[in-house]
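Inspection log for the structure reproduced underneath, given as structure tokens.
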Amino acid sequence: MTTDLQTISSFSGFKATFRRDLLLALRQRGELLNPLVFFLIAVSLIPLGVGPQSQLLSVLAPGVLWVMALLATLLSLDGLFRSDFEDGSLEQMLIAPQPLYLTVLAKIVVHWLTTGLPLMLLAPLLGLMLSLPTPGFVPLCLSLFIGTACMSLVGAVGAALTTGIGRGGLLLSLIVMPFYIPVLIFGTSLVQYGINGSPYTVQVAMLGALLALSIVLAPLAAAGALRISTQ
Amino acid sequence: MAWQWFHRLGSPRWFYEKSTPWLPWLAAIAIVLLLVGGIWGLAYAPVDAKQGNSYRIIYIHVPAAFLAQGGYFIMAISGAVGLIWKMKLPYMVMKSAAPVGAALTFLALVTGSIWGKPTWGTWWEWDARITFMLILLFLYFGIMALQQAFTNRDTGDKASAILALAGTVNIPIIQKSVDWWYTLHQPATIKFVGKSSIDPSMLYPLLLMVIAFYVFYLWVLLLNTRAEILRRESRTRWVGELVEQKAGVKSL
């Protein structure tokens, strides 16, 4: 009886946080667009920097798109827990009976839906601008689909660690970037294999494994970090 | 009863007093081993058939690389001990281990780069092991930066312990991913099982240097930790008495 009630209440916590965060994100459209605009501007700087030759750009395209998507995700992470910390609702979440793991997971899922997913949807357009070879488009979207989810999850740990610090933005990027390297390596090599026409099941499997590992561990570490850094 | 030593070990004062007699021994052993291993390796070990004398940098490069990785785990484990048993001392060890580990990682990178110029013809190559060491250096930097960012020391200790633990999950993943990404570095020459591909006359000074670096690491870590203990406990009575005692000896 009690276990039934507990499972119901823990999932209601997940659902409530999910609804609330999604609603908050949708009502602040400007902030929602910021990572996308950053992605767009940063990618368009590349042809200006290295020259507009389409042959050169098509070689650079997979790596550039991936690195820029990574940076855009990083920039959006700083606000993940900050506004909740500042208005005190984070403390309510910390003392709530629902498991913090699920609350944190709900916040991360919303973060991915509002930054990672739009980044992935925008990527083909920018691929076109960087003359990405045609067979690379599907792998690009696929790799960003899984990769941005990994980055939201892992980045949440960094965001939780730096929440208690006044201005944690730069520090957050400093501590999270080394953790993004495996995702970047497998993501770009997936696109590269797709362009070369080789099968890329290994890369999809590796990214999937990284995603599974981060779903299990990252919210746990982020929850622990929140309890510590907001003392 | 059996756990008493463990809890006493967690007391900074007990640790400081008990570790004092170790210092001259560790220093003497480290210096002797470094001198013997260094002179043996640099002057008496045979010249390599392919690389000539330039291979001799191995006697610094390999031990430094060993301890760069080992030091990370020492830091992470002491952070975990601090989080689990809520003791003060492990955090001091963790804080002291970070700069030592970062310095050794940097040393491994620099010596590798100097070694790479005559053998590979380039200062820098995006090879798996080099890239891994570079990322390891970034991880050390991240932990050191996080430790300093908090105004509350306890919070900074716990937060950087969590980051160090997250890194232990990530380190094998990074190592594997950069290994698969690109490989140019020679395969491991020292094998603990089976026959080593390195000649014993070159291997023995190398092993001696590895041991020497371990002792040296222990010595430096201990010195650093003792300094950290004094810094953090500077308001306690025993540190005050210690300082008075030292000052008294000087004035006499």
Side-chain angles (χ1 to χ4, degrees), chain A residues 63 147 150 153-190 192-193 202-203 205-207 209-214 216-231, chain B residues 72 76 79-80 82-84 86 91 98 101-102 105 126-128 130-183:
Chain A
C150 287
L153 282 159
V154 174
V157 183
L161 283 171
T162 51
T163 299
I165 306 167
R167 289 171 192 276
L170 194 61
L171 184 66
L172 171 67
S173 342
L174 202 73
I175 63 178
V176 168
M177 265 195 272
F179 290 82
Y180 279 180
I181 284 163
V183 186
L184 177 70
I185 284 176
F186 291 116
T188 46
S189 77
L190 200 164
Q192 209 65 61
Y193 274 54
V202 174
Q203 279 80 3
M206 283 308 301
L207 280 179
L210 289 177
L211 179 62
L213 193 70
S214 24
V216 176
L217 292 179
L220 204 67
L226 276 181
R227 287 200 193 281
I228 286 166
S229 68
T230 55
Q231 269 168 3
Chain B
Y72 186 89
L83 278 180
I84 294 167
K86 302 197 187 332
Y91 289 130
T105 315
W126 287 100
D127 142 75
I130 303 177
T131 314
F132 171 71
M133 289 308 274
L134 186 68
I135 299 165
L136 190 66
L137 188 66
F138 294 159
L139 282 173
Y140 275 121
F141 283 166
I143 288 166
M144 283 158 70
L146 192 66
Q147 272 170 345
Q148 284 160 7
F150 285 91
T151 40
N152 182 345
R153 198 167 53 205
D154 285 350
T155 316
D157 281 343
K158 288 179 190 161
S160 46
I162 285 198
L163 186 64
L165 282 176
T168 52
V169 181
N170 206 41
I171 275 187
I173 300 175
I174 294 177
Q175 197 161 21
K176 280 291 151 201
S177 64
V178 292
D179 263 342
W180 292 330
W181 176 52
Y182 200 74
T183 41

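Chain naming here is simple, since letters A, B, ... match the order of the sequence lines and numbering starts at 1 in each.
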>> Nearest 0.5 angstrom please: B/Leu163 CG to A/Leu161 CG, how far?
In response: 6.0 Å
> B/Thr155 and A/Ser229: which non-hydrogen atoms are nearest, and at how many Å?
Replying inline: CG2-CA, 3.8 Å
> Does the side chain of A/Leu213 come within less than 4.5 Å of B/Ile173's, by heavy atoms?
Replying inline: yes
> What are the two closest non-hydrogen atoms of A/Pro182 and B/Ile174, and how far apart are they?
Replying inline: CG-CG1, 3.9 Å
> Mind checking which of residues 146-154 of chain B sit less than 4.5 Å from chain A, heavy atom to heavy atom?
Replying inline: B/Leu146, B/Ala149, B/Phe150
> When rounded to the nearest 0.5 angstrom, what is the spacing between CD1 in A/Ile228 and CD1 in B/Ile162?
Replying inline: 3.5 Å
> Between A/Pro178, A/Ala209, A/Ala225, which residue shows the highest count of heavy-atom pairs closer than 4.5 Å to chain B?
Replying inline: A/Pro178
> Looking at A/Val176, A/Ile185, A/Val154, A/Ile181, which makes the most heavy-atom pairs under 4.5 Å with chain B?
Replying inline: A/Ile185
> chain B: which of A/Leu217, A/Thr162, A/Ile165, A/Leu210 shares the most heavy-atom pairs with it under 4.5 Å?
Replying inline: A/Ile165
> chain A contacts: which residues in residues 135-142 of chain B have a non-hydrogen atom closer than 4.5 Å to it?
Replying inline: B/Ile135, B/Phe138, B/Leu139, B/Gly142
> Got a second to check how far A/Phe179's CZ is from B/Ile171's CD1, nearest 0.5 Å?
Replying inline: 8.5 Å
> Is chain B contacted by the side chain of A/Met206, its backbone, both, or neither, given a heavy-atom distance below 4.5 Å?
Replying inline: side chain
